[in-house]
Amino acid sequence: MSTPAKITPATLAKLAKLGVHHRSELLLHLPLRYEDETSIVTIDSLQPGETLQVQGIITHNEVAFRPRRTLVCRLQDETGELYLRFLNFYPSQQQQLAVGQAIRALGEARMGYYGMEMVHPKCRVANEATPLSTSLTPIYPTTAGLAQPILRKLILNALEVLPLNDTLPEAVVQELQLADFASSIKLLHNPSPDVSATQLEERNHAAWQRIKFDELLAQQLSMRVHHRERGKRIAPKLVAKKNLVPQLLKALPYRLTHAQQKVLSEIAHDIALGHPMQRLLLGDVGSGKTVVAALAALQAIENGYQVAFMAPTEILAEQHYLKLCEWLTPLGLTPVWLSGSLKKKDKTQAITHIADGTTQIAVGTHALFQASVEFKKLGLVIVDEQHKFGVQQRLALRSKGKAKSQPLHSSAATNNSSNPLPNPPPEMGREASPSPSQWGRAQRGGNGDGGNSHEPHQLMMSATPIPRTLAMSYYADLDVSVIDELPPGRTPIVTKLVSDARRDEVCARVLSACAAGAQVYWVCPLIEESETLELQNALETYETLRTTFPELRVGLVHGRLDNVSKAAAMADFKSGATQLLVATTVIEVGVDVPNASLMIIEHAERMGLAQLHQLRGRVGRGAAQSTCILMFQQPLSELARARLKVIFENTDGFVIAQQDLQLRGPGELLGARQSGVAMLRFADLTMDEDLLEQARSVADRLLQHHPDAARAHLQRWMANKHDYLHV
Ligand code: ADP
Ligand code: MG
C-alpha cells in the first residue's frame, strides 16, 4: 500500500467546492465521461457525430473575424484534411497550432461549410512516436483551477490507500448478481481499453449498475431510518369519535369517492396511533383533497386538538378558509384566518384565538408558522400544495410543532354534538405564560399521555402528480396515499393548441362562451426574468381585453394586488359578477370556480408541464364541457413543442408527470425549491426503476437483519450529508 497523497490547502478548498470533504469521498467522485485516447483513426474515416482522435500536421492557421473571431486551423494526415475551430482561444493555443506542427486532436467530428471539422478539439503536440494511452481517460466534474490530471492523481491515490471493502452482505451481492464494489469503483476510475465505451457512457455497464444501486440503497436507507425513527416519537392519539366527521359527511351534497374514502381511512388510522404521521396525499387536480383534509381535521378537533391548515398563496388560503367556514361553522366551530397581510388588530386577535384555544382550526399562509404564533394544542398540521413549500419550510414546520404543541388536555375531548367543542377550560396557570417553565411543567405533568413531548401529525397534499419512482425515492421517509379517481360527473376538458396569430378566433370564442352564461379565465404569460414585466403585461392584457370586450365584465387578479383587492376580485368572479378573469399564474393552485369552463393561456410554451396541468385543472370542475386553449408563439423550440404535445395528448396528471420526468429530469420536476433534497448523482430514475425497486427491498432487509452493514453503507455514502438525513 502506498501512502496517502498530501493535499495542499488550496486544493482542499477546491475539492470542497466539488462536495468532496474527505478523502473517502474522492472514491465516489466518478467520471462524467471518458475520452478515448487509446487509438488514432485516419481523417477520411471520420463520421459526423463520432468523437475520435486523429493525428496529423497543421497546414493552415488563421484568425477569421466573421461571423465572429475564430481561430481556424487545418490538420492534414495522409488520407485527408480536417478543420479545427476555436471560438475562444489563448495566444498560446494559436502558437501551439503553428503551421508544420505535429498534433493529435480529439473531438467530435461534424460536417462544416468547408468539409469535416471539429469545434474545440482537445489538442496536444505529438507525433507517431508518442505513446498512446492504455486506458480510457476519465473526465471528472471539476472546478476552476483544479486541472483534470491533478484530480485524477488524487483519486488514483485514494483508490490505493483506502479500504474498498464491500458494505453489502455477500448473500445480497450474489442474489442480485451485483458486481463487487472494489472492482466496480476501480474500473470506473480507470477503465481498460477493452471495456465498452458505450456502456460506460450510457452507464449501463455492470460497474455503473453496482454504484447506482449503492447510491439508491443509501438514499433508501436514510429515508427508511428516518421513517422508523418517527415510529418511536410521540404524537397525540387522535382516535375517530364518530362525532364531527359523520356530521360533515352528512351535510355534504355528494358522497365521497372510493378513493377519498380509502385515503381518509388511512389517515384516520394513522393519526390514532400515537406516533407522528407524516403522510403525503397525492391526488390529481380536482380529485377532492380539500374535503379529505377537512374530515381529518375534524378527527383532530373531536379529540380536543387544534389544526393548522397552510396553503402557499393568500388566494388559496382564503378560499380554504371560506370553504372551512361553510363546512365547520354549522358544527359550532370557529376557524380563523391568518395571513401576513392582515391588519395588525385582526392579526393580534387571530393570534390570541390560536393561543388561547378559542379557535380549533387556523387557516393561512406560512404566516401561521411565524415565531409569534403559538398554538395551544396543535395536533395536526395540514399543508396544501406541499411542493410549493421548500425543504426549509418543511423543517421549520416540523420543529414548530414540536416546540409549540402542548400535551393533551384531559378535559378537552367531547361527545356533545350540539356544541361539540366548548373551549377547553384553561388549566391552572396555563394561560399565564407560555414559557419554557410551563414546558417543563407540562413534561413532568403526566396527564394521561405519558407526559412526553408531542409533535403534531402532518398531512401534506400535492396535486403535482409525482411519478411513482420519484415518490418512492424522494418521499421514502413519508407514507403516501393516492386519490386515483376523480369525482363522477366530470366532462373531460378539451385542450386546443392555437398559434398567437389566431387571436381573433380565440376572442370570438370567449364572447360566445360568456354569452352562453359561462365564465372564462385569461392567463397572462409567465415572465420568469421579471416580476415587474409580468405585472405590466397583466395590466396591459387587462386593458386590451376590456377594450376588446366592452360588453363583458372583466376582472383582474395578480400577485402584487393587495389582499383586499385580490380577495374582492376572486369573490366577484366566484359570484359571477365578473365574467372574464384576467390572471397571472397566481391562480395556478387550488382555485375552485365550477362555473368557469373556458381557459385561455397565453404563451403556454413558457410554462412547465406541471404548471399547465394545474392551470388547466381550474376548469372542468362543473358539469359543463370545458375547454382550455393553449396559445403559443412561433417559432417553438423542440422542447417546447414536445411539452405542448404531451399536455395536448394527456389529461392524466400522472402520465404527464412521467413524461415531464423524461423531458426534464427529476431536479426540475421537484422544483428548484426542493433542491435541498439529496439529489441522486449517478442513478437516473427514468432508467433505473428496477434498481430502485431492489434497493428498496434490500434497505428494509438490511435494517432488519444486517444493521452493521446498513450503518457501514450509510457511512460510505452519507457521511457528510447529515442534514439531508433529517429533511
Ligand atoms: P383538489 O384535489 O384539486 O384540491 P378540490 O378539493 O378543490 O380538489 O375539489 C374539487 C371539486 O370537486 C370541488 O368543487 C369539490 O367540491 C368537488 N368534490 C370533491 N369531492 C367530491 C365528490 N366526492 N363528489 C363530487 N364532487 C366532489
Ligand atoms: Mg386543492
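One-based numbering, in listed order, for ligands and for the atoms of each.
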When only distance counts, is [X] in polar contact with ligand 1, meaning an N/O pair under 3.5 Å?
X	result
Gly286	yes
Arg255	yes
Gly288	yes

Here the pair of heavy atoms bringing Ala538 nearest to Val582 is O-CG1, 4.1 Å
In terms of heavy-atom contacts, Gln261 and Leu256 come closest through NE2-O, 3.4 Å
The answer for which part of Thr257 has a heavy atom under 4.0 Å from ligand 1 is both
Within the 4.0 Å heavy-atom cut-off, what Met461 brings close to ligand 1 is neither
For [X], take its heavy atoms, then give the atoms of ligand 1 lying under 4.0 Å from any of them.
X	answer
Leu256	23 (N)
Val285	3 (O)
Thr290	4 (O), 5 (P), 6 (O), 7 (O)

Margin query: Looking at Glu314 and Lys566, is there a salt bridge between them, counting it only when a charged N and a carboxylate O are closer than 4.0 Å?
Written below: no
query = Is Glu649 paired with Lys645 through a side-chain N to carboxylate O contact shorter than 4.0 Å?
reply = yes
Original post:
Does a side-chain heavy-atom distance below 4.5 Å link Gln519 with Val593?
Top reply: yes
| Got Gln278 and Asp479 here, is their nearest side-chain heavy-atom distance under 4.5 Å? | no
Requested in this report: Verify the ring-centre separation between Tyr321 and Phe309: is it less than 6.0 angstrom?
Outcome: no
In terms of its nearest heavy atom to atom 26 (N) of ligand 1, the top option of Ala293, Pro487, Gly283 is Pro487
Note to self: Taking a cutoff of less than 4.0 Å between a non-hydrogen atom of the residue and any ligand atom, is Ser287 in contact with ligand 1?
What the structure shows: yes
